[in-house]
Amino acid sequence: MQQKVGALQAELLKLPQYQPETKHYFHGGMYCREVFRHAGVLVVGAVHKKEHFYLIVYGTVAITDGDGNVQEVTGPYLFQSKPGTKRAVLALTDTLCMTFHALEATTVDEAESELVESEPASMYAPGNLIRHNVQEVLTYRDWE
């Protein structure tokens, strides 16, 4: 599945990129990332180094799991993400997702370094920001 997700990522990078609305929270040795996606948005995330919680707060997504399956999930739904997992997520409806991580970092850049594998072809830079080498960037405001 990881090879399929990687191939999907390579194809997505040829298209205009979507900048998801992302909020970051740090508290007591924990980091929470809150990400809103509009219906129809497909993203491929980074490979995570550590186990963490992934919560679909509301909405419905089709998401790859670490075992090579795609499942449709409607929030609220909580699952554990294993180290080494790289996911593709298609928002079937407007969706709010959150991830929760135990870490030492206190900034977004430090958190990215601690939590995800370095990947030059990644769709996103630290903080869920679009990489600069794409043709066009669509922000969440473009969907309103």
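On a predicted model such as this, the values are computed, not experimentally measured, just so you know.
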Distance-minimising heavy-atom pair for Ala62 and Val70:
CB-CG1, 4.2 Å
With rounding to the nearest 0.5 Å, note down the distance linking CD in Glu72 to CD1 in Ile63.
12.0 Å
If a pair satisfies side-chain hydrogen bond (donor to acceptor under 3.5 Å, both in side chains) and one of its residues is in residues 88-99, list it, with sequence neighbours excluded.
Thr99-His101
Applying side chain to side chain donor-acceptor pair (under 3.5 Å), can you list everything that pairs with Thr74, at least two apart in sequence or on another chain?
Thr60
By side chain to side chain donor-acceptor pair (under 3.5 Å), which residues pair with Glu110, not counting sequence neighbours?
Thr106
Show which side-chain atoms of residues 75-83 pair as donor or acceptor with protein atoms under 3.5 Å away, not counting sequence neighbours.
| from | atom 1 | to | atom 2 | distance (Å) |
| --- | --- | --- | --- | --- |
| Ser81 | OG | Arg87 | NH2 | 3.4 |
| Lys82 | NZ | Glu51 | OE2 | 2.9 |

Tell me every residue that passes side-chain contact (heavy atoms from CB on, under 4.5 Å) with Ala102, counting only those two or more places apart in sequence or in another chain.
none
Interatomic distance, His52 atom NE2 to Met30 atom CE [nearest 0.5 angstrom]:
15.0 Å
Sorted by chain and residue number, the side-chain contact (heavy atoms from CB on, under 4.5 Å) partners of Glu114 (sequence neighbours excluded) come out as Lys50, Leu103, Glu104, Ala105
Sequence neighbours excluded, the answer for side chain to side chain donor-acceptor pair (under 3.5 Å) partners of Glu34 is none
Kindly write out the residues that satisfy side-chain contact (heavy atoms from CB on, under 4.5 Å) with Val116, not counting sequence neighbours, or none if the list is empty.
Ala46, His48, Glu112
Lys49: partners by side chain to side chain donor-acceptor pair (under 3.5 Å), with sequence neighbours left out
none
Is there side-chain contact between Tyr54 and Thr85, with heavy atoms separated by less than 4.5 Å?
no
To the nearest 0.5 Å, how far apart are CZ in Arg37 and CG in Leu42?
9.5 Å
Does one hydrophobic cluster hold both Phe53 and Val57, with members joined at side-chain heavy-atom distances below 4.5 Å?
yes
For Phe26, enumerate each residue passing the ring pair (Phe, Tyr, Trp, His ring centres under 6.0 Å) test, keeping only those at least two apart in sequence or located in another chain.
Tyr31
